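Here the structure comes first, spelled out in structure tokens, and everything after it is commentary.
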2 protein chains.
Amino acid sequence: MSPQDLAAPLFRKLEAIATVPDDDKALLRKLRIATKHLGPGDNLVVAGDKPQFSALLISGMLCRYDVVASGARQIMSFHLPGDIPDLQSVFLRTMDHSVAAIGPATVGLIPHEDLHHVFERSFHLASVMWRETLIDSAIFRQWIGNIGGRTAIVAMAHLLCELVARGLSVGLIDDDMKFRLPLTQQDLADALGLSLVHINRTLRQLRRAGLITWEPGLLTVLDWPGLQAAGDFDPAYLHLIKR
Amino acid sequence: MSPQDLAAPLFRKLEAIATVPDDDKALLRKLRIATKHLGPGDNLVVAGDKPQFSALLISGMLCRYDVVASGARQIMSFHLPGDIPDLQSVFLRTMDHSVAAIGPATVGLIPHEDLHHVFERSFHLASVMWRETLIDSAIFRQWIGNIGGRTAIVAMAHLLCELVARGLSVGLIDDDMKFRLPLTQQDLADALGLSLVHINRTLRQLRRAGLITWEPGLLTVLDWPGLQAAGDFDPAYLHLIKR
DNA sequence: CGCCCTATTGAGGGCCCTCAAAGCTAGTGG
DNA sequence: CCACTAGCTTTGAGGGCCCTCAATAGGGCG
């Protein structure tokens with residue numbers, strides 16, 4: 001795969017949220033990107049690491065997580081192709097959480113040095129990427145409200161809505177509303193702070209309500225407006241409209 | 001109060017996390033800052049607003065919050081003097097949450113235009129502020145783990161630890177470990193996603209364990225290491241060490 | 001003094017947890 | 001081709017953490 005192809009998911013993502021002039025694209029094409037493959041559950045970085053690279057997700061799915069004293073794994077975000085989940089490590093040297101693959105994934109490692117160079121050369125690109133990290137923040141905030149203020153079934157519907165809305169925005173879902181997700185029910189449990197058993201019962205409720213079907217690796221949305229209503233979902237926080 | 005005095009909490013905050021050269025300080029001193037006073041509960045900005053200013057908190061306390069469908073208020077962060085909680089609105093035009101005062105507060109409103117000018121002139125300052133928003137992100141992530149993965153008493157201890165650690169870093173707490181906080185128990189309930197009644201019982205447990213005393217408006221930490229242990233607290237995520 | 005907001009305590013109930021066991025699917029190797 | 005294993009999913013039963021409803025007490029302020 002050529003460097004251009006590697007950067008393609010990044011362009012698609014950036015153009016979903018901002019306008020990217022040609023000279024900025026030229027700068028991005030000069031980034032040195034080293035491909036790396038990850039197996040299911042493999043850690044990309046671990047809390048305490050001081051990485052010299054940030055990872056652009058090319059295919060598959062990543063999550064950020066941390067482990068609390070009780071031993072529970074708390075997932076704080078899921079990432080789709082085009083995301084750079086640990087972009088923060090350019091400015092915060094020590095990782096305060098871990099990043100791992102959900103299912104098999106391919107990432108492109110970009111040296112911090114290169115990113116720093118790009119940001120200094122183009123304040124516009126820096127601000128687009130800054131904006132990117134601020135949208136991450138908005139997603140974290142929503143996640144807090146989801147876990148703290150909603151019941152299991154509403155929270156589950158909201159989480160699925162977020163994934164679908166983001167998947168739609170980067171073209172991962174066709175009109176058939178089928179979404180290939182390597183998530184296990186344990187992953188959902190760790191994300192919502194609920195038990196595996198309760199996740200299973202909650203998914204069954206959503207299935208019986210005719211909103212979704214769930215097979216391992218494949219989410220199908222049967223009633224998109226209905227799912228959004230069930231999840232108290234308003235996509236405004238994803239800031240998908242270009243400024 | 002002169003502009004220099006207004007910017008003082010900002011300098012203190014920035015110097016807690018980074019080195020700020022004199023020419024950057026000069027840039028910051030040129031910011032137009034308009035003072036505004038808020039009463040308890042007053043909204044600074046509301047979800048859906050498109051503000052033209054960002055607010056530097058000068059004195060008092062702010063929180064970010066959102067209201068979910070059930071009517072519950074979910075607080076996603078507390079802010080201390082020196083914070084700029086809605087700095088994001090420079091890059092994300094529409095607010096996806098609200099910011100309100102906890103108790104009486106004074107803020108300095110800074111035009112987005114001025115901030116943009118500063119960021120373009122000094123990439124170093126932009127990156128320090130970017131870093132600032134990334135630390136906010138880290139706090140959100142920790143908050144997710146706190147609500148999703150910890151029991152009420154551990155979560156409460158953790159939240160208090162975070163406030164104390166941040167208060168210490170900006171000089172709001174003396175050696176006596178007494179911290180003036182205008183928080184009510186309802187605020188803590190909205191922050192932790194728990195009921196007011198349970199907050200009250202949880203605080204009583206922490207008091208009886210000899211870790212803190214709690215009077216309305218005044219938190220006293222009796223056993224700082226003990227509180228950190230009770231809260232499963234590791235301050236690394238606050239990134240208080242200068243890079 | 002009376003009002004309002006906050007804090008405190010009791011009692012009963014529900015959402016979600018833990019423990020446990022069985023079914024299902026895919027991959028492996030004989 | 002099929003036994004075997006490992007991981008994920010599904011379902012049942014009982015229990016605990018935290019919720020809601022309710023009432024009293026306390027404190028600041030006009």
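Just so it is clear, the structure is predicted and the values come from calculations on it, not from any experiment. We use all heavy atoms of the structure for the numbers below, so side chains are in, but hydrogens, waters and symmetry mates are not.
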### Query
In whole angstrom, what separates B:H198's NE2 from C:dA11's P?
17 Å

Write down the protein N/O and nucleotide N/O pairs, taken from nucleotides 6-9 of chain C, whose separation is under 3.5 Å; answer none if there are no such pairs.
residue : atom : partner : partner atom : Å
C:dA7   : OP2  : B:Q185  : N            : 3.0
C:dT8   : OP2  : B:Q185  : NE2          : 2.6
C:dT8   : OP2  : B:N200  : ND2          : 2.7
C:dT8   : O5'  : B:N200  : ND2          : 3.3
C:dT9   : OP2  : B:R204  : NH1          : 3.0

### Task
Would you kindly give the CD1-to-P distance between A:I147 and D:dC18, to the nearest whole Å?
15 Å

### Atom-pair distance (CD1 on B:I153; C1' on D:dC17), nearest Å
13 Å

### Query
For residues 163-178 of chain B, which residue pairs qualify under side chain to side chain donor-acceptor pair (under 3.5 Å), counting only residues two or more places apart or in two chains?
B:D83-B:R166, B:E162-B:R166, B:K178-B:T220

### Check: B:T184/B:D187 side-chain N/O donor and acceptor closer than 3.5 Å
yes

#### Entry: Sugar-phosphate, base or nothing in reach of A:G193, heavy atoms under 4.0 Å
sugar-phosphate

### Query
Any salt bridge between B:R141 and A:D66, counting N to O under 4.0 Å?
no

### Query
In terms of side-chain heavy atoms, does B:N146 have a donor or acceptor partner in B:Q142 at a distance below 3.5 Å?
no

### Query
Is it true that A:K36 and A:D42 make a salt bridge, defined as a side-chain N closer than 4.0 Å to a carboxylate O?
no

### Task
Calculate the interatomic distance between B:R150 atom CZ and D:dC17 atom P; express it in whole Å.
18 Å

### Query
Expressed in angstrom and rounded to an integer, what is the separation of A:Q205 atom CD from D:dT9 atom C1'?
17 Å

#### Entry: Rounded distance in Å - CE (B:M156) to C1' (D:dC18)
13 Å

### Query
How long is the line joining CD1 of A:I199 and P of D:dC8, in whole Å?
15 Å

### Task
In whole angstrom, give the distance that lies between atom CG of A:L188 and atom C1' of D:dC8.
12 Å

### Task
Taking the side chain as every heavy atom from C-beta outward, state whether B:I199 and B:M156 have any pair of such atoms under 4.5 Å apart.
yes

